[in-house]
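A quick note: this is a predicted structure, and the numbers were derived from the prediction, not measured.
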Amino acid sequence: MKLWLPFAASAGALLAVASFVGAGWDAPPVASEQIGFRGTGMVHHRDVETEAALKAANVAPPAPWEADPSGDKASALYQNVQVLGHLSGDQFNQLMASITEWVAPEAGCNYCHNPENLASDEVYQKVVARRMIQMTQTINVDWKAHVAQTGVTCYTCHRGKAVPAEVWSIDLEPKPAGNMTQNRDGQNVVAKYAGNSSLPQNVLVNYLLDNKPIRVHSTTALPTGKNLTGTKETEATWSLMVHMSESLGVNCMACHNSRAFNDWDQSPPQRVTAWHGIQMARHLNADYMQGLTPIFPANRKGPEGDVLKIGCATCHNGVQKPLYGVSMLKDYVDALVVKGPTGIPNYSTYIPGKTQVLDSAAAPVTQP
């Protein structure tokens, strides 16, 4: 008779109880909101304990002063102003003061400029900042389907840090062992961009840089031969969905109807907004971030040498609407809601200290 079985069962039960009542563990208070028909599971759950920290981390800072749009233009007052030359001198200085606080409050102006020659492009951060201003203008003008009238500023992503806290790059660590286990397809490790799950760890390359379709849901109960996606594609899609869920602090029901995940007509309107967000992230990573690869030093790239890229968390930082939907654009309309010159220099020939003039004939390489 196996007398050890009841003892093992008892020990397991005690351990389970201890994990719930032991020191350092408590059930989080959860606030639930029904967002769909009763009985469909259309409920949004919020961890109340985390909301205070999220609210404190998502406060929009005020403008340093109200800029005067009159007076001489920045292009006449300063040298090498290639994107913001249409601003008045006061508007230009207001934006520069704001960017300093948004991106490098400790380093100050010297983070992007040589203090002996502010017009010089010898500090690589200045070259990057110019391109990022172009990117911000593009988001506010061309991607209203995602950002609406709220828009974005540099602060939306940077939050007082030179490198935004939530960026991503290719991660192949830990390297797999040899022989039959050499290719694990990015699985069975902690996927830090997918909620620390064991789902594929590098799917953001497929969906937020490349143009891989996100379609795995069959429309019939039985196979018809039309849906050729399998387990790999499904798990990759789940990895992206977990990334989006973690980034916005919401569950699946924010964008999907629980009774028909695939049906757009039955989905909440936020699904359309999210679709445009995926398209926007692809565009920004392909047209803006990738092109800056020759500019960034090795310590500002990922472990595999690729540039740090934009994900959903880069702007959202754990809340469904960045900064809880507060717009900062009213103080920077002329600077960030008007597209200036859109040309780009040939970054592959970048030489520190040599000014590169924007090429109006050069067009960004847009994803198909």
If I take atom [atom1] from residue [X] and atom [atom2] from residue [Y], how far apart are they, to the nearest 0.5 angstrom?
X	Y	atom1	atom2	answer
L209	D306	CG	CG	9.0 Å
C157	M132	SG	CE	9.5 Å
M135	T342	CE	OG1	15.0 Å
Q82	I133	CD	CD1	11.0 Å
M253	S245	CE	OG	9.5 Å
Q137	L84	CD	CG	6.0 Å

Side chain to side chain contact (heavy atoms under 4.5 Å, CB included) assessment of T138 paired with K339: CA-CA 7 Å; T138 295; K339 286 182 78 171; 3.9 Å; yes
For [Y], is there any backbone N or O sitting under 3.5 Å from a side-chain donor or acceptor partner on [X]?
X	Y	result
Q201	D171	yes
T100	P105	no
T220	L222	yes
Q320	V250	no
R159	C315	yes
H146	T273	yes
S239	P200	yes
K126	L118	yes
S198	N188	no
N58	P322	no

Is there a path of hydrophobic side-chain contacts, each under 4.5 Å between heavy atoms of I/L/V/M/F/W/Y residues, joining [Y] to [X]?
X	Y	result
V59	L323	no
W168	V242	no
I214	V205	yes
Y288	F296	yes
F92	V103	yes

Closest heavy-atom pair and its distance - [X], [Y]:
X	Y	answer
V152	T136	O-CG2, 3.6 Å
V326	A60	CG1-CB, 3.9 Å
T229	R215	CG2-O, 3.2 Å
V163	H158	N-ND1, 4.4 Å
Q270	C255	O-SG, 3.9 Å
L95	L87	CD2-CD1, 4.5 Å

Quick check: are there more than 12 heavy atoms from other residues, nucleotides or ligands sitting under 6.0 Å from [atom1] of [X]?
X	atom1	value
K301	NZ	yes
K161	NZ	no
F37	CZ	no
E173	CD	yes

Given side chains that start at C-beta, do those of [X] and [Y] come closer than 4.5 Å, heavy atoms only?
X	Y	answer
Q94	W65	yes
K309	L204	no
C312	L248	yes
M328	L336	no
R130	I344	no
W102	T156	no
V167	S169	no
M42	N257	yes

Side chain to side chain contact (heavy atoms under 4.5 Å, CB included) between L308 and R300, worked out: CA-CA 7 Å; L308 304 178; R300 287 292 176 88; 5.5 Å; no
Step-by-step side chain to side chain contact (heavy atoms under 4.5 Å, CB included) determination, R131 to I295: CA-CA 11 Å; R131 188 65 175 145; I295 308 294; over 6 Å; no
Listed partners of H256 passing ring pair (Phe, Tyr, Trp, His ring centres under 6.0 Å), at least two apart: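 By the ring pair (Phe, Tyr, Trp, His ring centres under 6.0 Å) rule, H256 matches F261.
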Donor-acceptor pair between N114 and S120 side chains, under 3.5 angstrom: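 Side-chain D/A pair, N114 to S120: absent.
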Side-chain donor-acceptor contact under 3.5 Å, S98 with Y332: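 Side chains of S98 and Y332: pair found under 3.5 Å.
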Sequence neighbours excluded - ring-ring contact (aromatic ring centres under 6.0 Å, His included) pairs with any residue from residues 111-145: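 Pairs touching residues 111-145 that pass the test: W143-H283.
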Sequence neighbours excluded, every pair satisfying ring-ring contact (aromatic ring centres under 6.0 Å, His included) that has a member inside residues 206-233: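 Output for this query is empty, none listed.
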Test log, rule side chain to side chain contact (heavy atoms under 4.5 Å, CB included), inputs V203 and W238: CA-CA 10 Å; V203 299; W238 287 351; over 6 Å; no
